[in-house]
There are 2 protein chains.
Amino acid sequence: MTASDLTAAVAAVHESWMRTVDLITPVLAEHRLTTATFQALWAIDPAEQPPSMKVMAERLYCNAPNLTFMSNQLVDRGLVERAVDPADRRSRVLVLTAKGRRVRDEVLRAALENTPLGALTADELRQLTALLNRALRT
Amino acid sequence: MTASDLTAAVAAVHESWMRTVDLITPVLAEHRLTTATFQALWAIDPAEQPPSMKVMAERLYCNAPNLTFMSNQLVDRGLVERAVDPADRRSRVLVLTAKGRRVRDEVLRAALENTPLGALTADELRQLTALLNRALRT
DNA sequence: CGTCGATGCTTCGAGACTCGAAGCAATGGA
DNA sequence: TCCATTGCTTCGAGTCTCGAAGCATCGACG
């Protein structure tokens, strides 16, 4: 593996993400969301147990004060509610509101409709995902 | 192509980039750099003609005031100098200083050494890059 | 040659993001 | 019961992002 192979790959990954975000900015703005709050909203899967703030911080690679701030942004916009975790009363879990689920669906759909990755075939997508997950597993 | 194939691919791309950035944060901090200034520094290839601020704004998907701010950050840290483009005196090009070239090399090397993509073989990297560039070409 | 709309950048103000330090309440083991 | 640890919040400072407004230069057009 040459350094330039790796450089090109990192650059392509970066560019793919930046393009995806750039293309959904108008949709995010409609809901007074930004890249950071979009990522936070995306990280709350309504099909799973509501994540604690600690889990969210790990998913988003940010620290506790930052998570508090972003949670406030989502709460202020009516997309999320804080709840005490009965199992550990120190912990707060983030629960999507009905509006939160709706907005999350909408911006996620916008992302999938606009991302340049949408130009790939199903086979190519699975191949791409397999490669990246193999790298991430390390 | 199912929606979940696409979702998984976008998530994997996002995660790969976030992990890469997260892992070089300590190195960035040594040079008083952040993700934003790292991206800006990366976008100035010393092997090419110094880019104008307009070109930089396109590369980084941000607007003119933002570019002015980030350029100031880089200038304040002694990594970049502004120069008037002789061909168009309205335009300003960003020229790496000696220190700028050195720091850029260092943080770029740190990124390549730490990125999870480094776990892939040369063949896999070329395959990955080819897939992403095919998507980006659209 | 002069005029004027378009272009490239900066300034300003406001809001959003990020982090370290310090603090509080709850937990769990000694 | 004591107390170190954990999860979150508050605070202050610095960074990032953007729209609106302003300035200088450019280029087309008469």
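Naming: A, B, ... by sequence-line order, numbering from 1 per chain.
- A salt bridge links B:Asp123 with B:Arg126: the distance from a Lys NZ or Arg NE/NH1/NH2 to an Asp or Glu carboxylate oxygen falls below 4.0 Å.
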Pairs under 3.5 Å (N/O, protein and nucleotides 19-25 of chain C):
unit_1, atom_1, unit_2, atom_2, d
C:dC19, OP2, A:Asn66, ND2, 3.4

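- A straight line from CZ of B:Arg82 to C1' of C:dC9 spans 9 Å, rounded to a whole angstrom.
- By the 6.0 Å contact criterion, CD on A:Gln39 is enclosed, its count of non-hydrogen atoms from other residues, nucleotides or ligands being greater than 12.
- In the hydrophobic clustering, where aliphatic and aromatic side chains (Ile, Leu, Val, Met, Phe, Trp, Tyr) are joined below 4.5 Å either directly or transitively, A:Val93 groups with A:Val95.
- The interatomic distance linking A:Arg92 (CZ) with D:dT9 (P) rounds to 6 Å, in whole Å.
- The interatomic distance linking B:Gln39 (CD) with C:dT18 (C1') rounds to 15 Å, in whole Å.
- Salt-bridge annotation for B:Arg102 and B:Glu106: absent, with no side-chain N of the basic residue lying under 4.0 Å from a carboxylate O of the acidic one.
- Looking at residues two or more places apart in sequence or on another chain, you find a side-chain contact (heavy atoms from CB on, under 4.5 Å) between B:Val55 and B:Pro51, B:Ser52, B:Arg59.
- Within residues 69-81 of chain A, no residue places a heavy atom under 4.0 Å from DNA chain D.
- In this structure, CZ of B:Arg32 is placed 14 Å from C1' of D:dA13, rounded to the nearest angstrom.
- B:Ser4 and B:Thr7 share no side-chain donor-acceptor pair at under 3.5 Å.
- The separation between A:Glu58 atom CD and D:dC8 atom C1' is 14 Å, rounded to whole Å.
- Atoms CZ (A:Arg89) and C1' (D:dT5) sit 18 Å apart, rounded to a whole Å.
- Counting to the nearest Å, the P atom of C:dG8 and the NZ atom of B:Lys54 are 4 Å from each other.
- The residue among A:Met53 and B:Ala36 whose nearest nucleotide of DNA chain D is located toward the 5' end is A:Met53.
- Counting only heavy atoms from C-beta on, A:Ser91 has its side chain closest to D:dG7 among D:dT15, C:dA16, D:dG7.
- Applying the salt bridge (Lys or Arg N to Asp or Glu O under 4.0 Å) test to B:Asp105 and every residue at least two apart in sequence or in another chain returns nothing.
- One atom, CG of A:Asp88, and another, P of C:dT27, lie 6 Å apart when rounded to the nearest Å.
- The side chain to side chain donor-acceptor pair (under 3.5 Å) search around B:Glu30 returns none, not counting sequence neighbours.
- With respect to A:Glu58 and A:Lys54, a salt bridge is recorded, a charged nitrogen being found less than 4.0 Å from a carboxylate O.
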